[in-house]
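Each ligand, and each atom within it, is numbered from 1 in the order the structure gives. It should be emphasised that the depicted structure is a prediction, and the values quoted were computed from it without experimental measurement.
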Amino acid sequence: MAQQIKKVGVVGAGLMGHGITQVTAQSGYEVVVREVDEATLQQGLGKIEKQLARAVEKGKSTQEDADGVRARIHGTIDYGELAGCDLVIEAITEDLELKLAMWKEVDARAKDGAVFATNTSSLPVVDQAAVTKRPESFVGLHYFNPAQVMKLVEVVRCVTSSEDAFQTALQFAQSQGKLAIPTRDRAGFIVNRLLVPYMLDAIRALEEGVGSAQEIDEAMKAGAAHPMGPLTLADFVGLDTLGSICDVMFDEFRERRFARPPGLRKMLAAGWYGRKSGIGFYDYSGETPLENPGI
Ligand code: 3HC
């Protein structure tokens, strides 16, 4: 039987965490969002406030509704404030050691019966479940960027997940107006298993001179009706995140299609992480993105 969720904790207010926080508060839940320090927290909250203000400007929301959403979000740098949450969603860096350390902190403070969910893109859910004292209450809830807009949430059942925890997570995602698709605990789940090799192949096509970054992107937009070309998408996801995901998938499956292309390795060495760092396959410093001349 699914549990009733009223208060949700989100750990991390970055690219995914701030979006998950916003969409959760918009669905009527109280949200406690935790970050490592005040400056990072304010950055995440600032992004949410900007989105809410834009929705009011566009006439998609009333000021009263936007204020209500903001009032339901409480930011903190203290793990202790997650104590009253019925569900805690992890959305920190895609690094297993960091996630395990985080869960130990949360597990020590969360109330009995709380459900834990990881937003990992690729790491095995069970590895995180096993570090807690409640592996049966642990599932995956994988959102897509931007979480406020993308319809899908993959709901991951790992070998230790109870039916109650799984149903709670499934119904929670549905209550946010999302399409909740159940999937097994296999690296990359459904979407990244297909999407990651596609983005890596686009990088290889660029390396082989099949087309320029813009030509590859425009071709996929016009020829396959994708909203973004694969290299723009890679910049949007974050090249560091893409690198971490493909490493995990390569370790798991040992298949060339998940291997990091040499070009990606060099870009990461240069600190080119995509849109978040202002430069990746494109340079985002001007009005419109231009191809990175260093590629
Ligand atoms: N945050 C919040 N809202 C956003 C947003 C953001 N970052 N970006 C766009 N939006 C909203 C806009 O406000 C607008 O809302 P409105 O219709 O209510 O006015 C709506 O989305 C459409 O935005 P725009 O008109 O500005 O732009 P587009 O129509 O080009 O859409 C897009 C932007 C939704 C990002 C679209 O380009 C798209 O769907 N791109 C593909 C995204 C994708 O594939 N994501 C999955 C990545 S993989 C992943 O996340 C998995 C992970 O594990 C790696």
N/O pairs closer than 3.5 Å, ligand 1 and protein:
residue, atom, partner, partner atom, Å
ligand 1, 1 (N), Gln51, NE2, 3.2
ligand 1, 3 (N), Gln51, OE1, 3.4
ligand 1, 13 (O), Lys58, NZ, 3.4
ligand 1, 18 (O), Lys60, NZ, 3.4
ligand 1, 19 (O), Lys58, NZ, 2.6
ligand 1, 45 (N), Asn145, O, 2.8
ligand 1, 50 (O), Asn145, N, 2.9
ligand 1, 53 (O), Ser121, OG, 3.1
ligand 1, 53 (O), His142, NE2, 2.8
ligand 1, 53 (O), Asn192, ND2, 3.0

Show me the donor-acceptor pairs, under 3.5 Å and distance only, between side chains in residues 43-51 and residues at least two apart or in other chains.
residue, atom, partner, partner atom, Å
Glu49, OE2, Arg70, NE, 2.7
Glu49, OE2, Arg70, NH2, 3.3

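- Ile5 is connected to Val155 through a chain of hydrophobic side-chain contacts under 4.5 Å among Ile, Leu, Val, Met, Phe, Trp and Tyr, so both are in one cluster.
- Between His226 and Tyr198, the ring planes lie perpendicular to each other; the angle is over 60°, past the 30° to 60° tilted range.
- Sorted pairs that involve residues 139-150 and meet salt bridge (charged side-chain N to carboxylate O under 4.0 Å, His left out), not counting sequence neighbours, are lacking altogether.
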Do any side-chain atoms of residues 227-245 form donor-acceptor pairs under 3.5 angstrom with protein atoms, and if so which ones, sequence neighbours left out?
residue, atom, partner, partner atom, Å
Thr232, OG1, Asp217, OD2, 2.7
Asp235, OD1, Phe281, N, 3.0
Asp235, OD2, Phe281, N, 3.0
Asp235, OD2, Tyr282, N, 3.1
Asp235, OD2, Tyr284, OH, 2.6
Asp240, OD1, Lys276, NZ, 2.9
Asp240, OD2, Lys276, NZ, 3.1
Ser244, OG, Asp240, O, 3.0

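- A salt bridge links Lys99 with Glu90; the closest basic N to acidic carboxylate O contact falls under 4.0 Å.
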